[in-house]
Every structure is written in C-alpha cells, then in structure tokens.
Amino acid sequence: MAEWEQATWVVRAGLPDAEPGTPYLPGPVFAAPYHAPGDPTQSRYTYGRFDNPTWTAYESALASLEGGPCVLFPSGMAATHGDAILRAIDAAEAPVAMVWLESPTNPQLDVCDIAAIAAHAHARGALVVVDNTTATPLLQQPLSLGADVCVVSDTKAMTGHADLLLGHAAARDAGHAEMLRTWRTRLGVIPGPMEAWLAHRSLGTLHVRLMQQCRSAQIIAEYLAERAERGSSIRNVRYPGLPGDRSHPLAVKQMSQFGAVISFEVPDAAAAARFFAASRLVYEATSFGGLHTSAERRARWGGDAVSAGFIRLSVGLEDVNDLVRDLAQALDAI
Ligand SMILES: *Cc1c(COP(=O)(O)O)cnc(C)c1O
C-alpha cells in the first residue's frame, strides 16, 4: 500500500497502462484454449483452467490491497477449502497444524486479537489463517498483523452488489500462494471470467461504499443501543464501534473502521417476523456487506449458537435517516 491511500488503490489497482484507444478496465476474457504455438512456456496464457487475464487483473488489484499474492476462487468456501490443504502440506510436524480464526466473527461480532494469536500459534509451529470477510482488507490487514493467509468471501462487501459469488486467498509467502494456485488448477475450482470482471468493476467503489456503510452502521448501532438501554423491544446490541461493546478496545487496536454489520436480539421468532413484516427498507435475506440493507433471523438456519430472536443486520447505502426511521417503526411494531 506504499505511496497511495486505499481510496486511490481501489480505483486504480490492477488497471493496465493508459494505451490510446483502450478501455480503463478491459472486458472479461472468455477463453478455454488460447493460441499457444510451440513451447507452451512461451505463452502467458494457454488454457482457461490454468489462468485467465481477467483473473490476473483482479488478483493483482487484490494483492496490492492485501499486501501479498492473491488467488481467486469461485466462492468464499472454495478459498477456504484451498487453504485447508496447507495444513497437510506445511505443518505436518507441528502439534497444532493450523489456527483458523474469523474477526469480527459472523454473526456475533466478537473480535479476536490477531497479532497475539499469530504470535502464540507461530511459537508452536502452526499456520494462521484469518477469515477477513466481515472486515475486508480496507478495515483490517491480517497479513500485516501476522497471519500467514487471509481468506475473504468477495460475495459480501468486496463486491457489494448482491449479484455474484467469489472468494480469494492472500498469502504472505509466495510459495503458499503457488500451492493454492496449483490446487485450484488440479481440481478446476476456478472462478468465471464474468464474475471476476464484475468484481474488479465493483472494487472501484469499495472505499466509498464501505466508508458510508460504516458511518451509517455507527449511527444505527448507537440508536439501537440506546433503544436497548430503554428496554424497548431489543437487547444485546453488538457492534465493534460501540464504545461499550466488549469488542471495542481490540477493534480500535486492529481495525480502521468497524464494518457494516450489527447484531441484536428481539424476544423471539414471532417478534422477528413482525419486525420483518413491518420494515419497508430491510430486505429479509442472508449474506451481508452489500449496498442494500438486509437482515435475517439467524436461528432460522439452525446452525449458529444464537437465540431464537437473534438478528444480523447489514447496513447498506440507503439514507441513514430513512433507515433509522424505518427500523424505529419496525421495532415499534413488534
Ligand atoms: C459468506 C461467508 C463465507 C463463505 O463465502 P461464500 O462466498 O458464500 O462461499 C465464509 N466466511 C464468512 C465469514 C462468510 O461470511
């Protein structure tokens, strides 16, 4: 990130030099085989499962944000499974092979001390992987905090338009990135060029989107916390940006801003249903980080250890006063 601020990088990262008559961001390259006569090592691109110029452009943009080489995957889960192979290859001798953490956690928004955990893990010979999806590299830089690998679901805030799935892994060690690349090629766990191009296009607005979402989320979290204090319909409002939140001191230490996601609890599933029925601006949907405000009652999936009325709210780009008014009337309705 030398020389330029993040706001500049997201707009310019990965773009080709300004050649007369060419677009700023070249369109997606759709190719299975590429022309590759003679010695195949003489062609930068030979076959679509190995590499693609549209991936290359987005991966190089991501690398400049993450501070390490990046490998793109067709989803966050694919990036996660790619990293799991490093456990077997790299840390076979260590008693603990890999420490995997997420911060802030989805959906409860607890914050882990990445630098401290990395130091402990490294002392025991373990690799450290951080799932940085809720923060993105703009708000938190796991590699510079000591993580070996950082994984992100680009499906969420990175792309932010609720129109694609994608993921990436960034590694501090170029050898690790190469292992992930090889795994991707062997298994054919490859992203589509159209998705990679849409992601690169969306990256240009990541900084303005996220900064606005963080500002609005702070205002909304404060409103909800004040409501919870009055005992008005909700309790346990969690947002790392709230000064009273148990995650706040650590979040201040390792994050530049506190993200778009807030959680809170309403009394039960029926109250949550009344909340969603009454809201006009909160889409009831899974996922988070996008430009449309959305929320869901997490217990409806059955997987998370949360109460029946636990709601994860993702703050979008709508006017914050409209959002507060809508949330207020929807919470009054429960
Ligand atoms: C969504 C998500 C994933 C999975 O990403 P997909 O793109 O849906 O495969 C992984 N980790 C976190 C924290 C997520 O929110």
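Quick caveat: nothing in here was measured; it's all calculated off a predicted structure. All ligand and atom numbering here is 1-based and tracks the order in the structure.
- Transitive grouping of hydrophobic side chains (ILVMFWY, heavy atoms separated by less than 4.5 Å) keeps L313 and F288 in distinct clusters.
- Heavy-atom proximity to T133, at under 4.0 Å, picks out these atoms of ligand 1: 11 (N), 12 (C), 13 (C), 14 (C), 15 (O).
- Note: no N/O pair closer than 3.5 Å links E102 and ligand 1 by distance alone.
- Residue F288 has at least one heavy-atom neighbour below 4.0 Å for each of these atoms of ligand 1: 15 (O).
- The M77 neighbourhood of ligand 1 comprises atoms 4 (C), 5 (O), 6 (P), 9 (O), with distances under 4.0 Å to a heavy atom of that residue.
- For atom 5 (O) of ligand 1, the closest non-hydrogen atom of the protein is S153 OG, 3.0 Å.
- Here the heavy atom of the protein found nearest to atom 12 (C) of ligand 1 is D131 OD2, 3.5 Å.
- Judged by distance alone, the side chains of S263 and Y239 never bring a donor and an acceptor atom under 3.5 Å apart.
- Under the 3.5 Å distance criterion, with hydrogens and angles disregarded, a donor-acceptor pair is assigned to the side chains of R227 and S232.
- Looking at atom 14 (C) of ligand 1, its nearest protein heavy atom turns out to be K156 NZ, 2.9 Å.
- In this model, a donor atom of one side chain and an acceptor atom of the other lie less than 3.5 Å apart for S279 and D326.
- Looking at Q218 and R215, their side chains never bring a donor and an acceptor atom within 3.5 Å of each other.
- Numbered from 1 in the order shown, with element, the atoms of ligand 1 that lie under 4.0 Å from a heavy atom of N106 read 15 (O).
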Derivation of the side chain to side chain donor-acceptor pair (under 3.5 Å) call for D148 and H122 | CA-CA 10 Å; D148 298 288; H122 289 155; 2.7 Å; yes
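- E5 and H207 share no donor-acceptor pair across their side chains, judged by distance under 3.5 Å alone.
- Listed by number with element, the atoms of ligand 1 under 4.0 angstrom from any heavy atom of G76 are 5 (O), 6 (P), 7 (O), 9 (O).
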